[in-house]
Amino acid sequence: MQPDETVTILDLTFTPLFSEQKVQARVRELGTALTDRFAGQKPLFISILSGAFVFASDLIRSFKGDCEVGFVKLSSYKGTQSTGSIQTVMGLEKEIAGRHLIVVEDIVDTGRTLHYFLNLLEQQRPASICAVTFLRKPEAAAFPVQVDFVGFDIEDKFVVGYGLDYEGWGRNLPGVYQLSAG
Ligand code: 5GP
């Protein structure tokens, strides 16, 4: 079932893509898959801020087992376009060496952000790295990244909701909305 209302944010109109119910059901499935995969391993979830905070908060609560949670803030987007360079605005305070890491991303677009961040983590000798993204745009892929779990593959169109914003707005929408054509 889809939410039926379009939403307007600033100058743009968005149409419904995934309802809250559909999102919640998929996130629970991912949580169950991670619970099975990391049984007894006490993983460290690393949520990439800001966009992944909503997904991460639901995902960790559907993970049944001991875990820690850390945050990094990486930024490459301005408006609806990638700027092409990544800034680390806030670093991770947890020790990574020897840990099983679960990197939580909101959306893999070109793959630049995750490619950059996974390489950075590799250098710190974790026991393993698993990458989870809520959304992925396969048509936009430009960087080689191994993503282990994907919530939904979507078209190469700008989306908001469930943590994803347009100029800071729309993160609190419980479903996902796609930019209308025209
Ligand atoms: P990438 O580095 O893979 O090109 O882009 C990843 C980042 O760009 C995401 O973490 C997200 O912050 C932003 N991004 C990419 N596509 C979208 C989109 O459709 N909507 C929003 N709100 N952000 C996006």
Side-chain angles (χ1 to χ4, degrees), residues 2-3 5-20 22-23 26-27 30 45-60 69-92 101-123 129-182:
Q2 299 219 340
E5 299 292 321
T6 61
V7 297
T8 300
I9 302 177
L10 303 176
D11 54 330
L12 298 180
T13 305
F14 295 84
T15 51
L17 185 61
F18 302 126
S19 68
E20 176 176 11
K22 185 159 180 171
V23 167
R26 183 66 186 128
V27 174
L30 293 174
F45 282 85
I46 303 176
S47 169
I48 302 180
L49 298 173
S50 301
F53 80 105
V54 176
F55 176 44
S57 88
D58 284 340
L59 190 65
I60 59 165
V69 185
F71 301 91
V72 287
K73 187 164 169 61
L74 307 174
S75 185
S76 70
Y77 250 63
K78 184 144 182 50
T80 62
Q81 295 296 317
S82 175
T83 62
S85 69
I86 296 166
Q87 286 178 291
T88 306
V89 185
M90 189 182 102
L92 191 66
L101 307 180
I102 303 175
V103 176
V104 183
E105 174 67 304
D106 53 356
I107 184 164
V108 176
D109 182 9
T110 64
R112 184 195 304 272
T113 308
L114 207 55
H115 177 76
Y116 165 87
F117 187 55
L118 295 180
N119 282 342
L120 207 71
L121 291 176
E122 281 288 356
Q123 292 162 22
I129 303 180
C130 169
V132 185
T133 187
F134 173 54
L135 301 174
R136 179 173 65 181
K137 296 177 182 169
E139 294 156 27
F143 291 80
V145 277
Q146 152 100 29
V147 184
D148 301 274
F149 295 93
V150 178
F152 302 100
D153 277 327
I154 62 168
E155 277 180 84
D156 187 8
K157 289 186 183 168
F158 189 76
V159 291
V160 294
Y162 199 62
L164 291 144
D165 74 308
Y166 169 51
E167 296 284 15
W169 300 92
R171 293 193 197 277
N172 60 322
L173 294 166
V176 177
Y177 294 74
Q178 191 174 55
L179 184 60
S180 301

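In listed order, ligands and their atoms are each counted from 1.
Using a 3.5 Å distance cut-off with no hydrogens or angles, the side chains of D11 and Y166 do pair a donor with an acceptor. Under the 3.5 Å distance criterion, with hydrogens and angles disregarded, a donor-acceptor pair is assigned to the side chains of D58 and Y162.
For Y166, no nitrogen or oxygen atom sits less than 3.5 Å from a nitrogen or oxygen atom of ligand 1, counting backbone and side chain alike. Backbone and side-chain nitrogen or oxygen atoms of V108 are examined, and none is located within less than 3.5 angstrom of a nitrogen or oxygen of ligand 1. Close N/O approach between F158 and ligand 1 is not found [any backbone or side-chain N/O within under 3.5 Å].
Looking at D148, its side chain does come within 3.5 Å of a backbone N or O of A131 through a donor-acceptor pair.
Residue contacts with ligand 1 leave out V160, since none of its heavy atoms falls under 4.0 Å from the ligand. The closest approach between any non-hydrogen atom of K137 and ligand 1 is below 4.0 Å.
Atom numbering of ligand 1 starts at 1 in the shown order; those under 4.0 Å from a heavy atom of E105 are 10 (O). Close approach of ligand 1 to R112 is summarised as follows: ligand atoms under 4.0 Å from at least one heavy atom of the residue are 1 (P), 2 (O), 3 (O). Listed by number with element, the atoms of ligand 1 under 4.0 Å from a non-hydrogen atom of G111 are 1 (P), 3 (O), 4 (O).
Contact annotation: the side chain of R171 approaches that of S50 to within less than 4.5 Å [non-hydrogen atoms, C-beta and beyond].
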From CA spacing to verdict: salt bridge (Lys or Arg N to Asp or Glu O under 4.0 Å), K137, E139:
CA-CA 6 Å; K137 296 177 182 169; E139 294 156 27; over 6 Å; no
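Counting heavy atoms closer than 4.0 Å to ligand 1, residue D106 contributes side-chain atoms (C-beta onward) but none from N, CA, C or O.
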